[in-house]
Amino acid sequence: MTRNTPSARTVFRFVAVVAGALVLASCSEAPLDTLGPDLAGPEARDIGWFMTWMLWICYGVFFAVLGITLYSWRKFRIKTDEYEEGDWPEQIHGNTTAELAWTAAPAITLAVVAVFTLGLHASLNSNDENAIELIVGDEQVAWEPEVVVIGQQWWWEYQYHFGDVDLVAQRVENLPTTGPIITTATQMVIPVGEEVELEVTSRDVIHSYWIPSLNGKRDAVPGRQSAPWKLQADEPGVYFGQCTEFCGLSHARMRMQVIALPMAEFQDWVTSQMQGVALGDADQAYVDALVAGETPAPENSMQRGIATFRSKCASCHLMDNVADDLFSPEEVRKQLVAGVAPNLTHFSSRTTFAGGIRNVYDPETLEFNANELRIWLQDPSAVKANYVEPASDGDVRMRGMPNLGLSQIEIDDLVGLLESAGEKPSEQIIRETGVE
Ligand code: CUA
């Protein structure tokens, strides 16, 4: 034995460690599980069912081959040490029956598997025609549920288009669209029991969208729009997911959730998402004056927050009715590698932020998590690894949120503004969406 050959003991230890790790891994709670038991939509169930039957077929093949091998070994072995020429079992090389059998059996098995594979493939890659009646703004629309899903380092954006728009370039590059639109981040809200078509794409690198209890994965590829993909939830509830294509520094912190609401609550959500930030009269007058080009002095924390937002946040983030007049997609694209930052108009209608790794509300007390936000605004990259690089034109290019060097007062003012941006979700949703 040479020194480099692992001893039997080493091999045994290695196998023991791997086996132990597998056993321990099975003890962990696995909320992201393709095989159930929490499959909550028709697509996920189809995939689970298909996997299970594929496994049974594999078991069948495995045990059949193993059985024939063991049987042959036992039946045809030579039983004594002293044997003569004629003791060899009969050689059947070229036996037509045997050759046909072991050609036909795998061919039939694979054909059966192929029929089911192609059937599932076709059904997963198709979309139903289903339209739901919604009031959007002041108009009644028949909306075929469709959400544009855009991956970006390191969060997910969702766009709901209620008007006429079909160009992927418009969506990816965030050009102005015609017709009403809802733009949100991290949490996708869908109506329960309806098939929601997804158009998955990316602004920078390849990501992958995956809500395992509702459907399989779909890659988000820059410049491309996915083939039809979809989600459907049987029951109202919250379904968790995680980016599953390695996409850089904070890949592991690129989470998402789908919230399925009963139709009436979904309509309420749409109605509230169509509105800008609701301000009191004095604060609205302050914004109106700023938009008109005047320079009024802020008189309270909210107005200071608005001023700070407009001077420091609005170069990347949009907030309707607070700073939408300043938001410039061109400027954002210049600064951000991926080219857009989450729309904050309805920040507090969502329950997670920073790519879904922090809670906007405390899931226990249900209170607005001002402290979490303060920590984030103080130094975002301490919460979630972000990346700033100098560009050749002397500017910087950012992936994720940079440290803006905000003062404590600025942070407190901004936290107050963010709290009033959007409607607080139901207590049940706050509880169910809480992340660790
Ligand atoms: Cu996005 Cu991994």
Does [X] use its side chain to pair, donor to acceptor, with the backbone of [Y] at less than 3.5 Å?
| X | Y | answer |
| --- | --- | --- |
| N386 | M401 | yes |
| H251 | E245 | yes |
| E389 | V396 | no |
| Q152 | V340 | yes |
| H317 | P342 | yes |
| N321 | V277 | yes |
| H346 | Q273 | yes |
| Q335 | R397 | no |
| N300 | M302 | yes |
| K217 | I211 | no |

Sub-4.5 Å side-chain heavy-atom contact between [X] and [Y]:
| X | Y | answer |
| --- | --- | --- |
| T352 | I357 | no |
| F240 | V435 | yes |
| L417 | F347 | no |
| P296 | L290 | yes |
| F162 | I181 | no |
| E410 | K312 | yes |
| N403 | S381 | no |
| L414 | C313 | yes |

| said: Assess the residue pair R203 and E157 against the criterion (salt bridge (Lys or Arg N to Asp or Glu O under 4.0 Å)); give the C-alpha distance rounded to whole Å, side-chain angles, the decisive distance to 0.1 Å, and a yes or no. | reply: CA-CA 10 Å; R203 290 203 185 90; E157 178 173 301; 2.9 Å; yes
Show the nearest heavy-atom pair for residues [X] and [Y], with the distance to one decimal.
| X | Y | answer |
| --- | --- | --- |
| M319 | T345 | CA-OG1, 3.5 Å |
| T201 | V221 | OG1-O, 3.3 Å |
| E194 | P145 | CB-CG, 4.5 Å |
| E235 | A260 | O-CB, 3.8 Å |
| D234 | P42 | OD1-CD, 3.7 Å |
| L418 | F368 | C-CZ, 4.3 Å |

| request: Walk me through it: do T184 and R350 pass the test side-chain hydrogen bond (donor to acceptor under 3.5 Å, both in side chains)? | output: CA-CA 9 Å; T184 183; R350 312 197 273 263; 3.2 Å; yes
| field | salt bridge (Lys or Arg N to Asp or Glu O under 4.0 Å) between E197 and K230, intermediate numbers included | value | CA-CA 4 Å; E197 188 179 331; K230 55 192 166 182; over 6 Å; no
| task | For the pair Y158 and Y209, name the ring-plane relationship: parallel under 30°, tilted 30 to 60°, perpendicular over 60°. | result |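 Judged by the thresholds at 30° and 60°, the geometry between Y158 and Y209 is perpendicular.
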| task | Kindly assign one of parallel, tilted or perpendicular to the pair Y160 and F266, based on the angle between their ring planes and the thresholds 30° and 60°. | result |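 The arrangement is tilted - the two ring planes meet at 30° to 60°.
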| message | Evaluate R304 against D412 for salt bridge (Lys or Arg N to Asp or Glu O under 4.0 Å), listing each step before the verdict. | response | CA-CA 10 Å; R304 284 197 308 271; D412 285 345; over 6 Å; no
So for atom [atom1], which belongs to [X], do other residues, nucleotides or ligands contribute more than 12 heavy atoms lying within a distance under 6.0 Å?
| X | atom1 | result |
| --- | --- | --- |
| E432 | CD | yes |
| D281 | CG | no |
| M51 | CE | no |
| Q284 | CD | yes |

Rounded to the nearest 0.5 Å, what's the gap from [atom1] on [X] to [atom2] on [Y]? Could you check?
| X | Y | atom1 | atom2 | result |
| --- | --- | --- | --- | --- |
| T351 | Q257 | OG1 | CD | 5.0 Å |
| L110 | I57 | CG | CD1 | 9.5 Å |
| F50 | H121 | CZ | NE2 | 11.0 Å |
| T365 | I430 | OG1 | CD1 | 9.0 Å |
| I375 | R358 | CD1 | CZ | 7.5 Å |
| Y361 | S348 | OH | OG | 4.0 Å |

| Think R253 forms a cation-pi with W154, using NZ or CZ under 6.0 Å from the six-ring centre and within 45 degrees of its axis? |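 Output no; distance or angle outside limits.
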| said: Under 4.0 Å between a side-chain nitrogen and a carboxylate oxygen: does that hold for R399 and D204? | reply: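 No, this pair does not count.
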| Do NZ/NE/NH1/NH2 and the carboxylate oxygens of D325 and R310 come within less than 4.0 Å? |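 Salt bridge flag = yes for R310 with D325.
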[Y] versus [X], side-chain donor and acceptor atoms under 3.5 Å:
| X | Y | result |
| --- | --- | --- |
| Q140 | E133 | yes |
| N359 | E372 | no |
| T308 | D413 | no |

| Check against side chain to side chain contact (heavy atoms under 4.5 Å, CB included), N125 and R218 | CA-CA 11 Å; N125 285 282; R218 180 54 46 122; 3.0 Å; yes
| message | One pair to check against side chain to side chain contact (heavy atoms under 4.5 Å, CB included): V136 and V270. What are the steps and the verdict? | response | CA-CA 7 Å; V136 180; V270 169; 4.2 Å; yes
| Audit row: N215, W229, side chain to side chain contact (heavy atoms under 4.5 Å, CB included) steps and yes/no | CA-CA 9 Å; N215 201 348; W229 201 236; 3.5 Å; yes
| query | Between T433 and I259, is a side chain to side chain contact (heavy atoms under 4.5 Å, CB included) present by the stated rule, with each step listed? | reply | CA-CA 9 Å; T433 51; I259 299 174; 4.1 Å; yes
| said: By the definition side chain to side chain contact (heavy atoms under 4.5 Å, CB included), identify the one residue from I190, L214, N130, V189 that meets it with V196. | reply: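 By the side chain to side chain contact (heavy atoms under 4.5 Å, CB included) criterion, V196 pairs with just one of I190, L214, N130, V189: I190.
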| query | T103 and E99: side-chain hydrogen bond (donor to acceptor under 3.5 Å, both in side chains), yes or no, with the steps? | reply | CA-CA 6 Å; T103 306; E99 298 273 354; 5.3 Å; no
| Do W53 and F116 have ring centres separated by under 6.0 Å? |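 That pair fails the under 6.0 Å test.
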| query | Which is it for Q378 and Q408 under the side-chain hydrogen bond (donor to acceptor under 3.5 Å, both in side chains) test, yes or no, and what are the steps along the way? | reply | CA-CA 8 Å; Q378 185 90 46; Q408 283 310 315; 2.8 Å; yes
